[in-house]
Peer 1: 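Let me give you the structure first, and then I'll get to my questions.
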2 protein chains.
Amino acid sequence: MTNQTQTADRARPVRERLIDCASELFYAEGIRAISADRIIAGVGTTKATFYRHFPTKDDLVLAYLHGKADWERTAITAAADTPDAYDALGGVVGVLANSSCQPGFRGCPFINAGAEYADVTHPVRRLVAEQRQWWTDFFRSLAERLGVPAGAPADSAAGQIMMLRDGALVAGYLDDPALVEANLTKAITAVTAP
Amino acid sequence: MTNQTQTADRARPVRERLIDCASELFYAEGIRAISADRIIAGVGTTKATFYRHFPTKDDLVLAYLHGKADWERTAITAAADTPDAYDALGGVVGVLANSSCQPGFRGCPFINAGAEYADVTHPVRRLVAEQRQWWTDFFRSLAERLGVPAGAPADSAAGQIMMLRDGALVAGYLDDPALVEANLTKAITAVTAP
DNA sequence: GTCTATAAGAAGATAGAC
DNA sequence: GTCTATCTTCTTATAGAC
């Protein structure tokens, strides 16, 4: 065992630990609900160090959302990486439904961030828009794999599946997560049926 | 013209004016983003008067959400009050799509409140759950009017339509509101098809 | 019921020593 | 790069006069 591994937790750069702690707290309780002070206390550092790494709190918020975006893209890309289009769909629905059932699930971090950031020109909102565009593009290509004709039909299918994705994550948070998988599967099947 | 009408704006009880001002600001910018001070200044009253009417800020938040719930129930009930089930569906979709296209649209106030209130036992979250139950019940009966068999099939249809409603409101806020009506209509038609 | 004044704490952010 | 100490502003909420 290397020294690095032994002291990994304390040796990990403060910057990373700040992002990890912020990710947990921002997602669990909301961004405005969490002060910089609470993250500083959670990591065990000081204000000065915090603001040396992140000039403003919003810079840390952006780092948090970038991490969530990376996770989503990796997980969804992997779930869809199979030859059969229906398996790919099942894999994607599985990731969404499974996430919804995890303890501490609080819905989509980007929808939640949108609720807290009203200014559409704010960097947070730009990142939200980017990530939603990624999802829409992903669903368009999945729809095409499922046999929906490219062009307007696939665009429309992508929009409809995106609505279902959003609704599934909202339902997983505010309603009954146990119903998400069945309802989402049925609905996506219906909107992509020939 | 009565004296009441002439002085309506200033004579309207402070309590109502506080709720109206709060509704605009909470919805437009987020609940935690708006301080009691800003609402007090918006109405032109004082802290003491504010806290006499609403012991805590959360009491005003609840009044705001009650107002939104009343509006939704009234508008949706009216839109569905027609003999033909497809007209009723069109009316409901019309209300949702039209709302999404209004300037200042910020999505569903209950989804947004859920993002800001993480404690499921908080009165705000209880109100959110109540209003979502109302919607689900409404969609279940609409699905039955559209020919979906009562029981499990109507329950499932209600869950799927609810996902689409949520997704439509999210899309109207974070994506392109102009696409909401067509996509929502197609998707609900698909999930309720025999 | 409404006002002025103020408490008491938390918020985001910075100065300057080490 | 990190620390102690501090600044300024904002936040929810109250006391006591009228």
Side-chain angles (χ1 to χ4, degrees), chain A residues 3-4 7-65 113 115-119 122-125, chain B residues 4 7-65 113 115-119 122-124:
Chain A
N3 190 22
Q4 268 192 358
T7 59
D9 211 63
R10 293 173 61 195
R12 266 177 54 238
V14 176
R15 182 187 170 83
E16 277 181 33
R17 282 155 56 205
L18 285 168
I19 294 175
D20 287 351
C21 181
S23 294
E24 271 191 44
L25 293 176
F26 285 159
Y27 182 69
E29 303 193 30
I31 296 169
R32 288 203 134 96
I34 298 297
S35 65
D37 272 354
R38 276 189 63 183
I39 295 161
I40 290 159
V43 167
T45 183
T46 62
K47 285 181 190 291
T49 300
F50 176 97
Y51 284 106
R52 191 162 301 282
H53 285 286
F54 301 98
T56 70
K57 183 188 167 185
D58 277 347
D59 290 304
L60 179 58
V61 173
L62 286 169
Y64 150 63
L65 290 173
E116 296 203 72
Y117 287 79
D119 177 4
H122 191 286
V124 163
R125 283 292 298 278
Chain B
Q4 268 192 359
T7 58
D9 213 62
R10 293 172 62 196
R12 267 178 54 239
V14 175
R15 183 187 170 84
E16 277 180 34
R17 282 154 56 203
L18 284 168
I19 294 175
D20 287 351
C21 181
S23 293
E24 271 192 45
L25 294 177
F26 284 159
Y27 182 69
E29 302 193 32
I31 296 169
R32 288 204 136 96
I34 298 297
S35 65
D37 271 355
R38 277 189 63 185
I39 296 161
I40 289 158
V43 166
T45 182
T46 64
K47 287 179 189 293
T49 300
F50 176 97
Y51 284 106
R52 191 161 300 282
H53 285 287
F54 300 98
T56 71
K57 183 188 167 186
D58 277 347
D59 290 304
L60 179 58
V61 174
L62 286 169
Y64 149 63
L65 289 173
E116 296 203 73
Y117 286 80
D119 177 4
H122 192 286
V124 164

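Convention: sequence-line order gives letters A, B, ...; per-chain numbering from 1. The analysis underlying the following values was restricted to heavy atoms, covering all of them including side chains, and did not include hydrogens, waters or symmetry mates.
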Peer 1: By a strict heavy-atom criterion of less than 4.0 Å, which residues belonging to residues 55-64 of chain B are in contact with DNA chain C?
Peer 2: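 Close to the strand, none.
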Peer 1: Output the rounded distance in Å from CG (B:L25) to P (D:dT11).
Peer 2: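 From B:L25 CG to D:dT11 P: 12 Å.
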Peer 1: Suppose the criterion is salt bridge (charged side-chain N to carboxylate O under 4.0 Å, His left out): which pairs have a residue in residues 35-51 of chain B, not counting sequence neighbours?
Peer 2: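 Of all non-adjacent pairs touching residues 35-51 of chain B, those that pass salt bridge (charged side-chain N to carboxylate O under 4.0 Å, His left out) are B:E29-B:R38, B:D37-B:K47.
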Peer 1: Tell me which residues in residues 30-43 of chain B lie within less than 4.0 Å of DNA chain C, going by non-hydrogen atoms.
Peer 2: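 The answer is none.
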Peer 1: In a check of side-chain contact (heavy atoms from CB on, under 4.5 Å) between B:I39 and each of B:I19, B:T45, B:L25, which one passes?
Peer 2: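 Single pass found, and it is B:L25.
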Peer 1: Between the protein and nucleotides 3-5 of chain D, are there any N/O to N/O pairs under 3.5 Å, and if so, what are the atom names and distances?
Peer 2:
{"from": "D:dC3", "atom 1": "OP2", "to": "A:T45", "atom 2": "OG1", "distance (Å)": "3.2"}
{"from": "D:dC3", "atom 1": "OP2", "to": "A:T46", "atom 2": "OG1", "distance (Å)": "3.3"}
{"from": "D:dC3", "atom 1": "OP2", "to": "A:T49", "atom 2": "OG1", "distance (Å)": "3.3"}

Peer 1: By side-chain hydrogen bond (donor to acceptor under 3.5 Å, both in side chains), which residues pair with B:H53, not counting sequence neighbours?
Peer 2: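 None.
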Peer 1: Who are the ring-ring contact (aromatic ring centres under 6.0 Å, His included) partners of B:Y117, not counting sequence neighbours?
Peer 2: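 Counting only residues at least two positions away or on another chain, B:Y117 forms a ring-ring contact (aromatic ring centres under 6.0 Å, His included) with B:H122.
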Peer 1: Rounding to 10°, can you tell me the angle the first-five-pair axis of the helix from C:dG1-D:dC18 to C:dC18-D:dG1 makes with its last-five-pair axis?
Peer 2: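 Comparing the axis at each end, I get an angle of 10°.
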Peer 1: I need the OH-P distance between A:Y51 and C:dG16, as an integer number of Å.
Peer 2: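 Nearest whole value for this atom pair: 19 Å.
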Peer 1: By side-chain hydrogen bond (donor to acceptor under 3.5 Å, both in side chains), which residues pair with A:E24, not counting sequence neighbours?
Peer 2: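 Residues passing side-chain hydrogen bond (donor to acceptor under 3.5 Å, both in side chains) with A:E24: none at all.
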Peer 1: Using the test salt bridge (charged side-chain N to carboxylate O under 4.0 Å, His left out), find all partners of B:D20 that sit at least two apart in sequence or belong to another chain.
Peer 2: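 In terms of salt bridge (charged side-chain N to carboxylate O under 4.0 Å, His left out), with neighbours along the sequence ignored, B:D20 is linked to B:R12.
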Peer 1: Would you please name every residue forming a side-chain contact (heavy atoms from CB on, under 4.5 Å) with B:A118, sequence neighbours left out?
Peer 2: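 Listed in chain order: A:R106.
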Peer 1: Grab the CG-P distance between B:L18 and D:dT12 for me, whole Å please.
Peer 2: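 For the pair B:L18 CG and D:dT12 P, the rounded distance is 14 Å.
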Peer 1: Partners of A:R125 by side-chain hydrogen bond (donor to acceptor under 3.5 Å, both in side chains), sequence neighbours excluded?
Peer 2: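 A:R125: side-chain hydrogen bond (donor to acceptor under 3.5 Å, both in side chains) contacts with B:Y173.
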Peer 1: With A:Y51, which residues qualify under side-chain hydrogen bond (donor to acceptor under 3.5 Å, both in side chains), at least two apart?
Peer 2: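 Result, side-chain hydrogen bond (donor to acceptor under 3.5 Å, both in side chains) vs A:Y51: none returned.
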